[in-house]
Protein chains: 2
Amino acid sequence: MTDKEPLAFTRHNHSHCVSDALQAAVAICTERGARLTAIRQQVLELIWQSHKPLGAYALLDQLAEKSTKPVAPPTVYRALDFLLEQKLIHRIAAINAFIGCPHPDHNHASHFFLCDDCGRAEEIHSKSVSNSIKKAATEAGFAVQSQSLEVFGLCPDCRTQDGHDS
Amino acid sequence: MTDKEPLAFTRHNHSHCVSDALQAAVAICTERGARLTAIRQQVLELIWQSHKPLGAYALLDQLAEKSTKPVAPPTVYRALDFLLEQKLIHRIAAINAFIGCPHPDHNHASHFFLCDDCGRAEEIHSKSVSNSIKKAATEAGFAVQSQSLEVFGLCPDCRTQDGHDS
DNA sequence: ACAAAGATAGTTATATTATAACATATTCGT
DNA sequence: ACGAATATGTTATAATATAACTATCTTTGT
Ligand SMILES: [Zn+2]
Ligand SMILES: [Zn+2]
Ligand SMILES: [Zn+2]
Ligand SMILES: [Zn+2]
């Protein structure tokens, strides 16, 4: 896959998302000399299983299922810390959950649309949004270090289909 | 006080902020038939003691100090729930903390600058930011219900004073 | 190959944030 | 005053996250 359009809310072949993400992760970590260990890659894969942000304990449960040994919280949180540091995932603070980043190679803020109905999240990459925030900060004399925009509502699918599956 | 300019990061007579906020809260609750009880008002006052967002348990501790009886978490969380419902306060999800709203009468999204150094928070009211988000949502076919923007960095004071007090 | 240093993972315990469930008290409309 | 609705008190627990220590694995210099 080449240029990526937002597609969390669009019907698509999701296996491409997963393979792209894993490939990119391997490439990035190799280049940076960061170690994408088995656990870290496993957590990244679990996060990428869908476009719905997943909580740490949901990941923990899924890891535990696949493992013979018990899995403790630090195992998951350390993997998440690594993936966050490498910017391979984003944290959605409002729901204490984590989602894969489709553009890990390209530095950017954490801007999301989050569907209240189906739970899916889509990254926003709007120059207009970014620039207006940058401009507001400049005018306020504020030196931005990081930012997160979490927009909740109904995705195109869920707003038209009156019914719900949640 | 009449038209309010952002002032969390500016030297100002903070007692005006507090009295304005309490006055507005009383007026709004009266108009809505909502009951701003003693506890709720106390929590609102504690939140307004500064422009630094406060966590639930910090509020709990302060309430406990002023009270003879023990204070339990639900007491604080219920008051916070009420204040959030009435939009008298905002929640800053990234730091699990709460901050007073200087414009509770006027419906608006939760957009903040948050200083990593001094801890203060200032509400952003930028048409440009709001409009760009609205536009991005429309283009994506996304129906916005709520939103939060949390921009972290250094406020004008802290970016110039090289030294830190944190 | 080997040992030392550093990084990763296992393990146990605990901190922090938030809510459930039920009992009691207060307020409000009649 | 009465009953219904709302608010508070109380106890317990859920959900999220980290601290601290041990053991293992990986890298690096010799
Ligand atoms: Zn996909
Ligand atoms: Zn991203
Ligand atoms: Zn003030
Ligand atoms: Zn506000």
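In what follows, chains carry the letters A, B, and so on, assigned in the order in which the sequence lines appear, proteins first and then strands, with residues in each chain numbered from 1. No hydrogens, no waters, no symmetry mates; every other heavy atom, side chains included, goes into these values.
A heavy atom closer than 4.0 Å to some atom of DNA chain D occurs in no member of residues 53-70 of chain B. The stretch residues 75-91 of chain B comes close to DNA chain D through B:Thr75, B:Arg78, each having a heavy atom under 4.0 Å from the strand.
Here the rule is side chain to side chain donor-acceptor pair (under 3.5 Å) with A:His125, and of A:Glu122, A:Lys127, A:Glu123 only A:Glu123 fits it.
The shortest side-chain heavy-atom distance between B:Glu45 and B:Gln42 does not fall under the 4.5 Å cut-off.
Once rounded to the nearest 0.5 Å, the distance linking CD1 of B:Ile124 with CZ of B:Phe112 reads 8.5 Å. Within the model, atoms OG of A:Ser50 and CD1 of A:Ile99 stand 6.0 Å from one another, a figure rounded to the nearest 0.5 Å. Put simply, CD1 on B:Ile89 and CZ on B:Phe82 are 10.5 Å apart, with the number rounded to the nearest 0.5 Å. Expressed to the nearest 0.5 Å, how far OG of A:Ser110 lies from CD of A:Glu150 amounts to 6.5 Å. Atom-to-atom distance recorded for A:Leu46:CG and A:Phe98:CZ is 13.5 Å, nearest 0.5 angstrom.
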Write down the protein N/O and nucleotide N/O pairs, taken from nucleotides 25-30 of chain C, whose separation is under 3.5 Å; answer none if there are no such pairs.
from: C:dT27; atom 1: O4'; to: B:Arg35; atom 2: NH2; distance (Å): 3.4

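The bend of the helix from C:dA1-D:dT30 to C:dT30-D:dA1, defined by the angle between the axes of its first five and last five pairs, stands at 30° to the nearest 10°.
As rounded to whole Å, 17 Å separates atom P of C:dT8 from atom CD of A:Gln42.
On the nucleic acid side, DNA chain D has its first and last nucleotide under 4.0 Å of a heavy atom of chain B at D:dT6 to D:dT11, going 5' to 3'.
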Task: Working for side chain to side chain contact (heavy atoms under 4.5 Å, CB included), residues A:Val76 and A:Ile39 - done: CA-CA 8 Å; A:Val76 175; A:Ile39 290 179; over 6 Å; no
Task: side chain to side chain contact (heavy atoms under 4.5 Å, CB included) between B:Cys29 and B:Leu88, worked out - done: CA-CA 10 Å; B:Cys29 289; B:Leu88 299 172; 4.1 Å; yes
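Under the salt bridge (charged side-chain N to carboxylate O under 4.0 Å, His left out) criterion, A:Lys135 pairs with A:Glu139, not counting sequence neighbours.
The two residues B:Cys158 and B:Cys115 come nearest to each other via the heavy atoms SG-SG, 3.7 Å.
Relative orientation of the A:Phe113 and B:Phe142 rings is parallel, given thresholds of 30° and 60° on the angle between their planes.
For the residue pair B:His90/B:His111, the side-chain donor-acceptor check at 3.5 Å is not satisfied. Side-chain polar atoms of B:His14 and B:His51 form a donor-acceptor pair below 3.5 angstrom.
With respect to A:Arg120 and A:Asp157, a salt bridge is recorded, a charged nitrogen being found less than 4.0 Å from a carboxylate O.
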